[in-house]
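One-based numbering, in listed order, for ligands and for the atoms of each.
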Amino acid sequence: MNSTQEQLRVKLSQALVGAFGEEFATVDPILVAASNPKFGDYQANVALSLSKKLGQQPRAIAQAITDKLDVTDICEQPEIAGPGFINLRLKTDYLQAQLNSIQADPRLGVAVAKHPQREIVDFSSPNIAKEMHVGHLRSTIIGDAIARVLEFLGHDVIRINHVGDWGTQFGMLIAYLREVKPEVLTTADVIDLGDLVELYRQAKKRFDADEVFKETARQEVVKLQSGAADTLQGWKLLCEQSRKEFQKIYDSLNIQISERGESFYNPLLPGIVEDLANSGLLEENQGAQVVFLEGFSNKEGEPLPLIVKKTDGGYNYATTDLAAICYRIQQDAAKRIIYVTDAGQASHFAGVFQVARRAGWIPEDVEVVHVPFGLVLGEDGKRLRTRSSDTVRLQDLLDEAIARTRADLETRFQEEERQETPDFINHVAKVVGISAVKYADLSQNRTNDYKFSFDRMLSLKGNTAPYMLYAYVRIQGISRKGNIDWEKLGTDTQITLQAEAEFTLAKHLLQLDEVISEVEKDLLPHRLCEYLYNLSEKFNKFFESCPVLKSEEPVRTSRLALCSLTARTLKLGLSLLGIEVLERM
Ligand code: ARG
């Protein structure tokens, strides 16, 4: 099934050609949802944009287009309004037929991508021997949601954890551990990540202050790079240790991801620099090998270099990302590579993409995109920190969300004199708590900074996970109350629309595929949140104004079908955000 918007676009294109000739086949009809239901459901604004080109009044152009426009199956007679908008109102018959068809479709009318392709989502990507911080949490949540949407659309997605597991810092850490806690380098599980992070800090201090230690650390890097057995074993244990901690977070959040860390690309780095030299892009700058970036300059107006080989001969973050691009394009055959990191890395990616492009590594049909996100702020509007001004530990944060949810639940159940088992309470607390954290992040336009507030994210009011989950539960409550088996209701019920609130709800239900294809394009999951939030609100209005169980047949069954379709849409939409629904809460 083609989305309504898509069908209308095609028809508008045909009308443009009919009115003005073949060369108008590629003109965008500028079809958007109507700003006000008074004017219909969609509006095409192309007439205004063609006025200059055609040397005609927009209204006359709109008229010429409508004269050729054949939308009788879908819309009422189009109307021209204002300076030259073409207003389109969907026909009731059409709406009903569409509803009946998405009802019978397990995908709820969301078509599989016309050209499924290999896509890579590079997300989460914490660093070994360091804490995973809220920035990584954002990347994890947003990256997972994007991957879920793309997978649902039938793309072949590789979820990659580009873990920071390589670099000179390991020489420093290993050298220090040899002195103060050598058993960490030979035995598993003798240190927890928090202590390791603390030792890392001390090692760094020592490194900056002590020339002799610096040299020892350097030798350790050389040993690591040449694969010396004892150093390599130490490094592996450090990685193992961190990996276990990361995995706990992924388990709590229900995240699937495969690790392909920086070290994976290590053998490819010399070749990358060589290729850059061969293509004439490489220059020497203060002893380092660099590529000067076009369009980037520092405050003094000098061109900015992207360093690919440092003065000491080592490679860096950028070199690894260049190797990763090549590998992902050549070996993985990726057609789109999506990098989910904080906005602070925007210039890093701009530089890397530019160099890869100039080196000829990115074919025409491959897209590389940085998906940036803003900071997580505390209630005070400053970067989120704990009282001791350390970064917040993610596990603590998730545990607190769950604990607070549990406390809320217990109070509510007591007030309602409801008896629930501890298992039930634990399960609900976990689902709601985790969903609240995820949803609070996803519902923001990711490019903005956002304030982390337990009170807000756990509230039953507003655009929050508890509100959304509750809307779903409420619909399930209808089926319990009326003893309705949604399955038995069947997917072939005839939905007929009468009341205003039914129309509003129905039209919204039919827009799921449009929203999902927007997320596929723009990689902005908050659009899906907004859609689901509006859906719950429209459902509530419908439910307040239209009796369901108390209606006479056939209205009763038709309304029940609308309820069921709303619940299925909520469930599907939330699942694409990585949020599971509850039948009761
Ligand atoms: N490890 C990096 C960090 O913690 C993020 C890596 C993102 N992915 C990449 N291909 N550079 O900031």
Holding to ring pair (Phe, Tyr, Trp, His ring centres under 6.0 Å), I want the full list of residues that pass it with H136, two or more places apart in sequence or in another chain.
H133

The ring pair (Phe, Tyr, Trp, His ring centres under 6.0 Å) partners of Y339 (sequence neighbours excluded) come to F349, F353

Sole residue of Y317, Y265, W235 in ring-ring contact (aromatic ring centres under 6.0 Å, His included) with W166
W235

The residue among D122, D332, D144 that forms salt bridge (Lys or Arg N to Asp or Glu O under 4.0 Å) with R159 is D144

Less than 4.0 Å from some atom of ligand 1, heavy atoms are found in residues D122, S125, N127, H136, H162, Y317, D321, Y339, T341, Q345, F349

Using salt bridge (charged side-chain N to carboxylate O under 4.0 Å, His left out) as the criterion, list what pairs up with K181, not counting sequence neighbours.
E183

Classify the side-chain pair Y531/Q511 by whether it contains a donor and acceptor separated by less than 3.5 Å.
no

